[in-house]
Amino acid sequence: MTSPAVIFDMDGLLIDSEPFWTKAERMVFSSVGVELSDSLCRETAAMTTREVTEFWYRRFPWQHRSIKDVENDVIDCVDELIRKHGEPMPGAQQIVSYFYSRNFKVGLSTNSPYLLINTVLKKLDIAQYFHGISSSEHVERGKPDPAVYISTLQKLEVHPEHCIAFEDSASGVKAAKAAGIKTIAVPPTHDFDKPDYSLADSKWRSLWEFSERAFYLT
C-alpha cells in the first residue's frame, strides 16, 4: 500500500516571513537606487528571489552591483531576520507533527532559496519531520509552474493522487494543482475572499482548522 503524503509551502504558510521579504527588498534595493513601497513589493511576492531581482533591474537598471550580488544580499537579509525574529504561523508546528505521527511522508516545496529552507526548519524545530524538500532554485521554473512540486513528489516517491498540498498563495495553488495534487489554500486574511483561490479543493482561514476528518487520502 502506498503511503500517503503531504507537501507544505513555506513562506506565509509555515512561517510568518512575508514581512521580512518586504523589509529586505526595500532595504537592499534602495541601496542601488530602487525605492520600493510595500505595495510594489506585493507585485513580486509570488516570484522567486532571482525573478524579483531581474524584474526590478529591468525597470530600474543599476550600476556597480551584479544582479546575483543584489539577490544574495536580499537572501542574506531575510535569513538574518528569520533567525532573529521568525515565528511560526498559527498551527504550523502542530500540523506538521500531526501528519508525521500518522506515517505520512512529509515534503516541502517552496520558491525560496535552499539556504532559507534550512534556516526556517531549524528555527521552527521541525526539520526532523520532513522526508523530502525542494526549492525552485533547483528546478527550471518556480511557482506557478509545477516543477517544484513534481520534484518533491519524486523525492517522496509518491503519486500526486496520494498527496495533499497546503498553500497560502494563488500561484502556489496553481502549481500544486498543475502537478495533480489535491490542494488546501490558507490565504492571508486580506486575500481570503479573492477569486484567485478558486482552484483550491478547500480553503481555510488558519492551519488550526486541521482535523482527522479533513483528510481522505488512501
Side-chain angles (χ1 to χ4, degrees), residues 1-18 48 79 82 86-139 142-169 171-187 199-218:
M1 180 177 176
T2 302
S3 297
V6 60
I7 300 176
F8 295 95
D9 175 48
M10 190 174 78
D11 290 290
L13 191 279
L14 294 180
I15 188 163
D16 187 14
S17 55
E18 298 295 351
T48 66
D79 184 71
I82 289 172
E87 294 289 342
M89 295 297 287
Q93 293 157 312
Q94 292 80 2
I95 196 171
V96 173
S97 173
Y98 171 95
F99 279 113
Y100 179 84
S101 69
R102 283 155 180 77
N103 298 315
F104 277 66
K105 291 184 176 180
V106 181
L108 186 141
S109 291
T110 177
N111 266 359
S112 281
Y114 199 85
L115 167 72
L116 295 184
I117 296 176
N118 293 326
T119 299
V120 169
L121 298 189
K122 182 177 179 181
K123 180 70 176 181
L124 301 185
D125 193 25
I126 56 175
Q128 66 272 23
Y129 298 131
F130 285 84
H131 302 98
I133 59 179
S134 297
S135 162
S136 63
E137 182 180 12
H138 298 138
V139 297
K143 303 173 188 178
D145 189 274
V148 72
Y149 270 101
I150 293 170
S151 173
T152 304
L153 288 170
Q154 292 170 345
K155 291 175 181 179
L156 298 178
E157 298 182 329
V158 295
H159 296 292
E161 60 267 26
H162 297 131
C163 185
I164 193 163
F166 285 87
E167 275 285 352
D168 70 301
S169 70
S171 65
V173 170
K174 290 177 183 177
K177 293 297 292 182
I181 303 172
K182 194 177 301 294
T183 305
I184 294 176
V186 190
L199 280 177
D201 296 278
S202 185
K203 188 167 64 169
W204 296 358
R205 292 195 177 273
S206 164
L207 288 174
W208 280 124
E209 291 190 29
F210 75 87
S211 66
E212 291 197 45
R213 68 178 180 275
F215 307 105
Y216 41 91
L217 300 177
T218 58

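Since we're looking at a predicted model, the values are computed, not measured. Hydrogens, waters and symmetry mates play no part in the numbers below; they use all other heavy atoms, side chains included.
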Under the side chain to side chain contact (heavy atoms under 4.5 Å, CB included) criterion, do N103 and S3 qualify, and how do the steps go? CA-CA 7 Å; N103 298 315; S3 297; over 6 Å; no
Steps toward side chain to side chain contact (heavy atoms under 4.5 Å, CB included) verdict (E18, D11): CA-CA 6 Å; E18 298 295 351; D11 290 290; 3.6 Å; yes
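Summarising the geometry of A200 relative to V173, their closest heavy-atom pair is N-CG1, 3.8 Å, with the distance given to 0.1 Å. In plain terms, the two heavy atoms of P160 and G180 that are nearest each other are CB-O, 3.4 Å. Considering all non-hydrogen atoms of both residues, A176 and T183 come closest at CB-OG1, 3.3 Å. The shortest heavy-atom contact between G172 and S169 is N-OG, 3.0 Å. Residues G86 and I15 come closest through the heavy atom pair CA-CD1, 4.2 Å. Residues P90 and W208 share a closest heavy-atom pair of CB-NE1, 3.4 Å.
Under the 3.5 Å distance criterion, the side-chain polar atoms of S135 are matched with a main-chain donor or acceptor of S112. Listed for the S101 side chain is a donor-acceptor partner under 3.5 Å among the backbone atoms of S97. Distance alone, capped at 3.5 Å, is enough to place a donor-acceptor pair between the K105 side chain and the L156 backbone. Between the side chain of D9 and the main chain of F166, no donor-acceptor pair closer than 3.5 Å is present. Put simply, the side chain of Q93 never gets that close to the backbone of I126: no donor and acceptor are under 3.5 Å apart.
To the nearest 0.5 Å, the span separating CZ on F8 from CD1 on I133 amounts to 14.0 Å. Considering OG of S17 and CD1 of I82, their distance stands at 5.0 Å, rounded to 0.5 Å. Between the CD1 atom of I7 and the CG atom of L108 there is a distance of 9.0 Å, given to the nearest 0.5 Å. Atoms CE and CD1, from M89 and I95 in turn, are 12.5 Å apart once rounded to the nearest 0.5 Å. The distance from atom CG of L207 to atom CG of L14, rounded to the nearest 0.5 Å, is 7.0 Å. Atoms OG1 and CG, on T110 and L116 in that order, are 8.0 Å from each other to the nearest 0.5 Å.
For H138, the NE2 atom counts as densely surrounded, since its 6.0 Å shell holds more than 12 non-hydrogen atoms of other residues, nucleotides or ligands. Enclosure of atom NZ in K177 by more than 12 non-hydrogen atoms of other residues, nucleotides or ligands within 6.0 angstrom is indicated.
Inter-residue side-chain proximity for K143 and S136 is flagged as unmet; no heavy-atom pair is nearer than 4.5 Å. Side-chain atoms of Q128 and Y100, non-hydrogen and from C-beta on, never get closer than 4.5 Å to each other.
Applying the side chain to side chain donor-acceptor pair (under 3.5 Å) test to pairs two or more places apart or on separate chains, those with a residue in residues 148-157 are S109-T152, S134-S151, S134-T152, S134-K155, Y149-E167.
Listed by chain and number, the residues in a salt bridge (Lys or Arg N to Asp or Glu O under 4.0 Å) with D16 amount to none (sequence neighbours excluded).
Checking each of K122, E137, M10 against I117 for a side-chain contact (heavy atoms from CB on, under 4.5 Å) leaves exactly one that passes, namely M10.
For an aromatic pair to be called close, the ring centres must be under 6.0 Å apart, and F104 with H131 fails this.
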